[in-house]
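In what follows, a single structure is set out as structure tokens and then discussed.
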Amino acid sequence: MPRSRMVSGFRLLAVLVGVGAAAPALAKDVPFVPTPQPVVDKMLELAKPKKSDYLIDLGSGDGRIVVTAAQRYGVTGMGVDIDPDRVAEGKQNAQQAGVTDKATFVEADLFKTDISKADVLTMYLLPQVNLRLRPVVLDTLKPGTRVVSHAFDMGDWQPDAKESVEARTIYYWVVPAKAAGTWKVEQGGKSTEVSLEQTYQMLQGTAGKDKVEGRLKGTEISLTMTGGDGKARTLTGKVDGAKMSGTGDGGAWTATRTGG
Ligand SMILES: C[S@@+](CC[C@H](N)C(=O)[O-])C[C@H]1O[C@@H](n2cnc3c(N)ncnc32)[C@H](O)[C@@H]1O
């Protein structure tokens, strides 16, 4: 075999088996920087985890968020990290804290992880990573899921709450139900067609000639209808798929979606 072909064959093998080359770098989107414990505590205080909740920390580092949630709130949680060393560290910290029955860690890419079962989603990532995650959060998480991010926002999705601790900002959102569309609202024997446009948790639209402004917090909805005379009436209630119901100025009300 000519010498030149032998050399190129060796080079190819070296690349394939990693001979003489550094181990392939992990496809990390964010470096490991731990959240200070007081910030972890405040993140969980905001999320108010219940024992029955399932928490997922995306990019879990040494596991401190999942471990603290298990220790303090008795919450079952999963940390996801692409770095095997971090996953091992998370498992070790769960063991030391005596919460291995509640805190688990998996080695995976956060963008390839099914997060649909989360009731609480936590993260300390980067602005562009949060933005890539935003449609996944809005489209795959159940309405009402609490999302808490250390340091970075979600672009123009305004947080439902914001806290500062140790000069760090924490952002909190509640995944809104989907309420855009046309609704037949019935209240006190009267029926009104209400059209709603939705931008994240904010709603605006019309109810006949009245102007409607509203807001969602998970499945909770609040709609204020203002007439040309400036008189306003507010309806509050819950969205349940293609139905809504609640109480408000004028008594109990129900609504059925009539168009997308
Ligand atoms: C800033 S640290 C946050 C650690 C922990 N959540 C905390 O708040 O203390 C980000 C973590 O994300 C992990 N990471 C980076 N890219 C990732 C990816 N694509 N999938 C999963 N984990 C990733 C890193 O290995 C690192 O441990």
Side-chain angles (χ1 to χ4, degrees), residues 22-49 53-73 75-97 99-100 102-141 145-155 159 161-173 175:
L26 288 166
K28 270 194 194 191
D29 294 284
V30 189
F32 173 53
V33 182
T35 296
Q37 192 60 43
V39 181
V40 172
D41 296 345
K42 184 56 88 179
M43 288 171 80
L44 293 173
E45 228 176 83
L46 268 172
K48 293 191 185 66
D53 282 341
Y54 186 60
L55 177 146
I56 298 179
D57 185 33
L58 291 179
S60 48
D62 64 7
R64 58 184 62 202
I65 295 179
V66 183
V67 168
T68 305
Q71 271 182 315
R72 305 234 176 114
Y73 296 88
V75 170
T76 300
M78 173 177 79
V80 179
D81 207 291
I82 205 161
D83 185 338
D85 291 345
R86 298 283 86 77
V87 172
E89 221 174 337
K91 286 181 178 170
Q92 200 180 347
N93 286 332
Q95 197 150 25
Q96 269 166 16
V99 293
T100 48
K102 298 211 178 297
T104 56
F105 295 91
V106 293
E107 183 187 329
D109 184 338
L110 64 92
F111 286 108
K112 293 180 184 149
T113 302
D114 176 10
I115 58 170
S116 62
K117 288 194 173 64
D119 300 292
V120 175
L121 185 74
T122 57
M123 63 190 75
Y124 178 25
L125 299 167
L126 280 172
Q128 69 274 20
V129 179
N130 280 13
L131 282 185
R132 268 181 75 193
L133 270 176
R134 190 176 67 189
V136 184
V137 165
L138 287 164
D139 293 335
T140 62
L141 295 181
T145 303
R146 290 95 79 203
V147 179
V148 186
S149 169
H150 170 194
F152 303 111
D153 64 17
M154 291 255 190
K162 205 165 134 178
E163 287 272 353
S164 194
V165 61
E166 299 206 331
R168 311 290 184 107
T169 306
I170 302 166
Y171 298 88
Y172 170 85
W173 300 263
V175 174

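Atoms within a ligand are numbered from 1 in the order they appear, just like the ligands themselves.
Heavy-atom proximity to I65, at under 4.0 Å, picks out these atoms of ligand 1: 8 (O). Numbered from 1 in the order shown, with element, the atoms of ligand 1 that lie under 4.0 Å from a heavy atom of A108 read 20 (N), 21 (C). Proximity to R64 (heavy-atom distance under 4.0 Å) selects the following atoms of ligand 1: 9 (O). Residue G59 has at least one heavy-atom neighbour below 4.0 Å for each of these atoms of ligand 1: 3 (C), 4 (C), 5 (C), 6 (N), 10 (C), 11 (C), 12 (O), 13 (C), 22 (N). Distances below 4.0 Å separate heavy atoms of T35 from the following atoms of ligand 1: 7 (C), 8 (O), 9 (O). Below 4.0 Å from some heavy atom of K28 lie the following atoms of ligand 1, by number and element: 16 (N), 25 (O).
The nearest protein atom to atom 24 (C) of ligand 1, hydrogens excluded, is given as V30 O, 3.4 Å; this is a heavy-atom distance. D81 OD1, 2.7 Å is the protein heavy atom nearest to atom 25 (O) of ligand 1.
Here L141 contributes atom CG and W173 contributes atom CH2; the two are 12.5 Å apart, rounded to the nearest 0.5 Å.
For H150, the closest heavy-atom approach to ligand 1 does not fall below 4.0 Å. Put simply, no part of G63 is less than 4.0 Å from ligand 1, judged by heavy atoms.
For the pair D57 and ligand 1, the shortest N or O to N or O distance falls below 3.5 Å. The N/O atoms of D29, backbone and side chain alike, include one that comes under 3.5 Å of an N/O atom in ligand 1. Polar contact check, L110 against ligand 1: a nitrogen or oxygen pair lies under 3.5 Å apart. Taking only nitrogen or oxygen atoms, main chain and side chain alike, D109 reaches within less than 3.5 Å of ligand 1.
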| Verdict with supporting geometry, D62 and R86, salt bridge (charged side-chain N to carboxylate O under 4.0 Å, His left out) | CA-CA 5 Å; D62 64 7; R86 298 283 86 77; over 6 Å; no
| query | Please walk me through it: do Q37 and D41 pass side chain to side chain donor-acceptor pair (under 3.5 Å)? | reply | CA-CA 6 Å; Q37 192 60 43; D41 296 345; 3.0 Å; yes
| field | Stepwise side chain to side chain donor-acceptor pair (under 3.5 Å) test for T122 and D57 | value | CA-CA 5 Å; T122 57; D57 185 33; 2.9 Å; yes
| request: Verify side chain to side chain contact (heavy atoms under 4.5 Å, CB included) between V66 and I56, making sure each step is shown before the conclusion. | output: CA-CA 7 Å; V66 183; I56 298 179; over 6 Å; no
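Between atom 10 (C) of ligand 1 and the options G61, P31, P34, the minimum heavy-atom separation is to P31. Counting only non-hydrogen atoms, the option in T68, I82, D85, V106 that gets closest to atom 22 (N) of ligand 1 is I82.
A donor-acceptor distance shorter than 3.5 angstrom exists from the side chain of S60 to the backbone of V80, with no hydrogens or angles considered. In this structure a side-chain-to-backbone donor-acceptor pair under 3.5 Å is present from D81 to G61.
D53 and R146 are joined by a salt bridge, as a carboxylate oxygen and a charged side-chain nitrogen come within less than 4.0 angstrom of each other.
Within the 4.5 Å cutoff, no side-chain heavy atoms of V148 are placed close to those of Y171. When side chains are defined from C-beta on, Q92 does not count as touching F105, because their heavy atoms never get closer than 4.5 Å.
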